Protein chains: 4
Amino acid sequence: MRPNKREIILKAAEKLFRERRIHELTMEDVAQAAGVGKGTIYNHFENKDDLLFQIATHGFEELCALVAATPKKDKFHARLAALCEQISEFFQQRRAVMRMIHEHEGRLGHLKETMKERWLENRRKLAGAVASILSQGVAEGAVRRDLPCDFLATLLLGMLGARDHDFSHAPGKRPPVEMLVGVFLEGAGVIGGMNGARVSGGENNFGETS
Amino acid sequence: MRPNKREIILKAAEKLFRERRIHELTMEDVAQAAGVGKGTIYNHFENKDDLLFQIATHGFEELCALVAATPKKDKFHARLAALCEQISEFFQQRRAVMRMIHEHEGRLGHLKETMKERWLENRRKLAGAVASILSQGVAEGAVRRDLPCDFLATLLLGMLGARDHDFSHAPGKRPPVEMLVGVFLEGAGVIGGMNGARVSGGENNFGETS
Amino acid sequence: MRPNKREIILKAAEKLFRERRIHELTMEDVAQAAGVGKGTIYNHFENKDDLLFQIATHGFEELCALVAATPKKDKFHARLAALCEQISEFFQQRRAVMRMIHEHEGRLGHLKETMKERWLENRRKLAGAVASILSQGVAEGAVRRDLPCDFLATLLLGMLGARDHDFSHAPGKRPPVEMLVGVFLEGAGVIGGMNGARVSGGENNFGETS
Amino acid sequence: MRPNKREIILKAAEKLFRERRIHELTMEDVAQAAGVGKGTIYNHFENKDDLLFQIATHGFEELCALVAATPKKDKFHARLAALCEQISEFFQQRRAVMRMIHEHEGRLGHLKETMKERWLENRRKLAGAVASILSQGVAEGAVRRDLPCDFLATLLLGMLGARDHDFSHAPGKRPPVEMLVGVFLEGAGVIGGMNGARVSGGENNFGETS
DNA sequence: TATGAATGAGGCTTCATTCAT
DNA sequence: AATGAATGAAGCCTCATTCAT
């Protein structure tokens, strides 16, 4: 019983989300999944909002750790792609948690000031982690330096989220991360006259599988 | 009493969302806001899910109409920026509705097949509208033709959403749309050797203090 | 439109009951079935209670008329059996209405005095009709005269109702009316020593069908 | 708090019925009467239908126990009368519950298969209990053996129910059980020539009291 | 007289939270 | 510390009844 009951509950709740039992998580569900009594949860979390908040935070922290641990691959482009792949995979697994986070941000007003602070700080952490990768790119001369990395990180994460979301119903058709990173670094526009040939074969439909 | 009571209820509910009274919309609230009896709502909408679904659909349709009506400005770059500005503004106003849509997609399983179909179709409409603008860019030689416009549209919308979301608490600090469009068209990377000078003044923090 | 809209509504409601759509008759249902607007019902019936009351009354009156019209068959025994057959059949068709009547008697307190009176009077009518048949039997020396016919009628109707009810799920196994009338007239007991032989074949199981 | 809260709720609900507060039992009423919270009921009963079903079953079981416990009095006739008296009294007390049972049978379709089975089984139990008493009569040579006891039991119960029902408004005028049993055993008809004298004083009006 | 959209009281049920054990 | 039965506020929805057309 060492892994701290708090941890057990947290894991169980996260798992519930991952298992698509989204609809509306009840404390009963969480207790059952964690194999503890309903009352026990209240010995470790102030109330349901607190629990959700902790889950979300927990998720972000994991993700941040993941990002920070990105191996310093050789080429920046490859490094960025690997990072995106990781983030994307994480999002895939946590779709429900992320949705919950979204949904929950609307209620931030109900949370106590301290929590609110900690929460927004957490939100910045992810973008920060990605931004720090990008700033490596700047140092290496691979990323434009006329824009703040924070902003670029935000945009990159936005792209990733949109891709994952739009193709969630048919992962087979989802364009590869490389393509996304390509657009991010090279842009969607035509610069000078050589851009039309970026990809050898002209129009691309990223091989329909299913 | 001409504007169809259905319309009245819809508007009222949307307004409720916009007025940040999000937490959890109750049918009571909606009725009150619409100035009708609780039962009246059920004469026009099957149940709460149906109402939410209709609101979401309604929102998307408005947005699609907006996009489709984008004036054919001179330069493609300017045209795209104007479009993004419109979409962004729409999102600002509809944050809550959009959140609700997100939150709701998880429950799509509960909706009847027909609704589900109509819903996913709606989702595609927006991307489609943006994509059609982009394809104009392709025709004009302003957008790379090696990637499907649908995908590019998804990425652009993702960027927009992320920007709006990340800076929702401090709209003053929000980077201008032009900057976003710039990244989208030119990329975040350094191409050749001249990219470092894209913006004259080097590092940029887009002023705005608080 | 001559058959009086009142009559139309009444018939439609009765039919609804007969069609087993019991659960809980709504005014909407009745209106639909009668092919009239909901409001129209209120031009002919004070309220739902009144409507139900009228249906019940209507049913009783039909039944009373049926009983009164029993042909003066030759033998009293046969006459009584024919009568019972009719009543039973009527009950079969009106199970739902009868249940509703039962259920409704509990609410008599809510009905205005006049209605209450008329209702109880109606209740007596049926027993009265049967009693009058029985009194013919008394006159003919076929029915014992030491007990009031009203009472005997009550008992006979009780037997009939119980039979119909108990075998409603398997009408094929329902003992024939003759047998019931036999018990009613001759009794279930053994009188003197000859009763054991009333029915020739000893133990009887009235031919199991299913 | 030993008598099981489930039991408490059941008793309270039954009592409510007995106290004529029929109209329409609300869960609120039941909770109040049982002195528990509304939610508590749902910890012991699946929903309202289930509660009603349990009440009905409970009532039948009590009655069956009562019947089975009928003392083996000396004379069969007296024994039967005592039994009928008991059943009648029970019915008096449970009029409302019984009405509810009636009313409820119409909805049996909505109940799950298991319940349906258990219910019909319960229904048979009562008739069975009475039938077993009657079969004692057969053994003693007091009841005709040419008819199945089940059927006779049904008829007897029907008579009882009808008597109780018809005279519920004026219990004082209700004919004594002995008279009913008399009709049941000896029949309402005239057998041979001596029947007219069964009761010494000719026409009988069972002394008007109230 | 006929209609049916509008109404809102009232019912059933859920579920976060408490507290006695 | 752990439990889960008890609680009741709050939400969704139904449906008898009204009333403007």
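Order of the sequence lines sets the chain letters (A, B, ...), proteins ahead of strands, with each chain counted from 1. What you see is a predicted model, and the numbers here were worked out from it, not measured in a lab.
Atom C1' of nucleotide F/dA1 and atom CG of A/Asn4 are separated by 13 Å, given to the nearest angstrom. Rounded to a whole Å, the CD atom of B/Glu28 is 14 Å from the C1' atom of F/dA9. Atom CG in D/Asp50 sits about 14 Å away from atom C1' in E/dC12, given to the nearest Å. In this entry the distance linking CD of B/Glu46 with P of F/dC13 reads 10 Å, nearest Å. Rounded to whole Å, atom P of E/dT1 lies 15 Å from atom CD1 of C/Ile8. Between the CG atom of B/Asp29 and the P atom of F/dG11 there is a distance of 8 Å, rounded to whole Å. When rounded to the nearest whole Å, the span between CG of D/Leu25 and C1' of E/dT13 equals 16 Å. As rounded to whole Å, 13 Å separates atom P of E/dT13 from atom CZ of D/Phe45.
When the nucleotides E/dG11, F/dC12, E/dT7 are ranked by their closest atom to the side chain of B/Asn43, E/dT7 comes out on top. Comparing atom distances between the C/Tyr42 side chain and each of E/dT13, F/dA16, E/dA2 picks out F/dA16 as nearest. When distances run from any side-chain atom of A/Lys48 to the nucleotides F/dA6, F/dT3, E/dT17, the shortest one goes to E/dT17. When distances are taken from the side chain of C/Thr40 to each of F/dA16, E/dA2, F/dC13, the shortest belongs to E/dA2. With E/dC12, F/dG11, E/dA2 as the candidates, the nucleotide lying closest to the side chain of B/Thr26 is F/dG11.
Annotation: of the two residues near DNA chain F, A/Gly35 and B/Asn47, the 5′-most nearest-nucleotide partner is A/Gly35. Nearest-nucleotide mapping onto DNA chain E: of C/Ile41 and B/Ile41, the residue sitting toward the 5' end is C/Ile41. Mapping A/Gly39 and D/Met27 onto DNA chain E by nearest heavy atom places D/Met27 at the nucleotide closer to the 5' end.
Evaluation of atom-type donor-acceptor distances gives a pair under 3.5 Å for the side chain of B/Lys38 against the base of E/dG10.
The only option from A/Ile41, A/Asn47, A/Asp49 that meets the side-chain contact (heavy atoms from CB on, under 4.5 Å) definition with A/Phe45 turns out to be A/Ile41.
Checking the phosphate oxygens (OP1, OP2) of F/dA2, a side-chain nitrogen or oxygen of A/His44 falls inside 4.0 Å. Close to F/dA5, at under 4.0 Å from its OP1 or OP2, lies no side-chain N or O of D/Lys5.
The pairing partner recorded for E/dT18 is F/dA5, the criterion being a Watson-Crick or G-U wobble arrangement whose two distances lie under 3.5 angstrom.
Judged by distance alone, the side chain of D/Thr40 and the main-chain N or O of D/Val36 form no donor-acceptor pair under 3.5 Å. In this structure a side-chain-to-backbone donor-acceptor pair under 3.5 Å is present from B/Lys48 to B/Leu25.
Within a 6.0 Å radius of CD in C/Glu61, more than 12 heavy atoms belonging to other residues, nucleotides or ligands are found.
A donor atom on one side chain and an acceptor atom on the other are not found under 3.5 Å apart for B/His44 and B/Glu7.
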